[in-house]
Chemist: 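Please read through the structure below; I'll follow up with questions.
Since the model is a prediction, treat every value here as computed from it, not as a measurement.
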Amino acid sequence: MIRNLLGSVVALAGAASAVLSPFRDWYGGRAGQDYRVADLFEGITPTESGVLVSILLPFLGAALLVILGVVLRSRLVVALAGLVVLGFTILWMVRQGQAAGSLVVGGDGAGLQVGVANALAGGALMLIGALLMTGRRSRREGRAVREREPVEPFAVPAADQVDTWPPTQEPGMSVQTSPWPEPEVDPYTGPDPRDARTRSYPQAAPHPEDDPRDPVHPPHRPPPPPQG
């Protein structure tokens, strides 16, 4: 996400630099908008050009490609826009060199000027932005990444933080800390014959299995001793 954002900003900056470059001087005090697109294929002429048929036209198309590539998060579209800007700029340099006999960089306005530098920098920034972008991940790749991601099991709670097991991720004490049923209190079996106050009370049934007070969980008699 961060790489896509950074690449988009760099590519848009390159598009802005490329679009502004025809309005600045390119060579010998002549602005880029004075060069016709046809001059790039037929040879440089002193004929003035309109803005919409000048070298600005392919640069505007490249800027639109950058915007489309940023919206679609397509590295290929952004890189294509950078190649368009660099291609037309280099083609202009070839034609200008043929018309002038050579290309020079002069500070007195007699050679290559800042407009060409802006165009070259804009194309380079578009390519750098395309390299920084990660692009849109396809559904198949996204599904494969999710399948490769390990699923972390629940961590065992600490000794001072008792929780149910398996953990429910809810605070509070455990509602059940053992898979086995909790032991039940032995049912009442009658008065204690050793107590003088209750010795005269009726005693329990002689056989615990016949005790009707707890038919579900009757007490068990100890096994008889082995016959020797």
Chemist: For the residue pair Tyr27 and Ile44, establish whether any side-chain heavy-atom pair is separated by less than 4.5 Å.
Modeler: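 When only atoms from C-beta onward are counted, Ile44 and Tyr27 do not touch, as no gap falls below 4.5 Å.
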Chemist: So, Ser17 side chain and Ala13 main chain: donor-acceptor pair closer than 3.5 Å or not?
Modeler: no
Chemist: Say you draw a straight line from OG1 of Thr45 to CD of Glu48; how long is it, rounded to the nearest 0.5 Å?
Modeler: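 So the gap between those two atoms works out to 9.0 Å.
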Chemist: Only counting residues at least two apart or in another chain, list the ones meeting ring pair (Phe, Tyr, Trp, His ring centres under 6.0 Å) with Phe59.
Modeler: none
Chemist: Linking Ile, Leu, Val, Met, Phe, Trp and Tyr by side-chain heavy atoms under 4.5 Å, what else ends up with Leu56?
Modeler: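 Answer for Leu56: Val19, Phe23, Val51, Leu60.
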Chemist: Restricting to non-hydrogen atoms, name the atom on Ala119 and the atom on Thr89 that form the minimum distance, rounded to 0.1 Å.
Modeler: CB-OG1, 3.5 Å
Chemist: Out of curiosity, does Leu52 fall in the hydrophobic cluster containing Trp92 (side-chain heavy atoms, cut-off under 4.5 Å, transitive links)?
Modeler: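 No, because Trp92 and Leu52 fall into different hydrophobic clusters, even though each may have its own neighbours under 4.5 Å.
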Chemist: Transitively linked via ILVMFWY side-chain contacts under 4.5 Å: Met133 with Val77?
Modeler: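 The answer is no; the residues belong to distinct hydrophobic clusters.
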Chemist: Taking a hydrophobic cluster as the set of Ile, Leu, Val, Met, Phe, Trp and Tyr residues connected by side-chain heavy atoms closer than 4.5 Å, whether directly or through intermediates, do Leu20 and Val37 fall within one such cluster?
Modeler: no
Chemist: Applying the 4.5 Å side-chain criterion to the ILVMFWY set and letting contacts propagate, would Met126 and Leu132 be lumped into a single cluster?
Modeler: no
Chemist: Give me the atom names and distance for the closest heavy-atom approach of Ala62 to Val85.
Modeler: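 Here Ala62 and Val85 meet closest at CB-CG2, 3.5 Å.
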Chemist: Short question: side chain of Arg24, backbone of Gly32 - any donor-acceptor pair under 3.5 Å?
Modeler: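 No; zero donor-acceptor contacts below 3.5 Å.
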Chemist: Shortest non-hydrogen contact from Leu120 to Leu86?
Modeler: O-CD2, 3.6 Å
Chemist: Tell me the closest heavy-atom pair linking Ala79 and Leu127, and the distance in Å.
Modeler: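 Taking every non-hydrogen atom into account, O-CD2, 3.5 Å.
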Chemist: From Asp25 CG over to Gln33 CD, what is the distance, rounded to the nearest 0.5 angstrom?
Modeler: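 Asp25 CG to Gln33 CD: 10.0 Å, rounded to 0.5 Å.
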Chemist: Considering non-hydrogen atoms only, spot the tightest contact between Gly115 and Ser21 and give its length.
Modeler: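 Smallest heavy-atom distance, with atoms named: O-CB, 3.3 Å.
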Chemist: State the CG-CG distance between Leu76 and Leu65, to the nearest 0.5 angstrom.
Modeler: 10.0 Å
Chemist: To the nearest 0.5 angstrom, please state how far the CZ atom of Arg30 sits from the CD atom of Gln113.
Modeler: 12.5 Å
Chemist: Counting C-beta onward and ignoring hydrogens, is there a side-chain heavy-atom pair between Ile67 and Leu12 closer than 4.5 Å?
Modeler: yes
Chemist: For residues Val84 and Pro58, report the shortest heavy-atom separation together with the two atoms involved.
Modeler: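 The pair with the smallest heavy-atom distance is CG1-O, 4.0 Å.
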Chemist: Step by step, work out the side chain to side chain contact (heavy atoms under 4.5 Å, CB included) result for Val70 and Asn4.
Modeler: CA-CA 8 Å; Val70 169; Asn4 275 330; over 6 Å; no
Chemist: Distance from Arg3 atom CZ to Arg73 atom CZ, nearest 0.5 Å?
Modeler: 13.5 Å
Chemist: Test of understanding: clusters of I, L, V, M, F, W, Y form through side-chain heavy atoms closer than 4.5 Å, transitively. Do Tyr35 and Leu57 belong to the same one?
Modeler: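 Yes; tracing contacts between hydrophobic side chains, which count when under 4.5 Å, links both residues.
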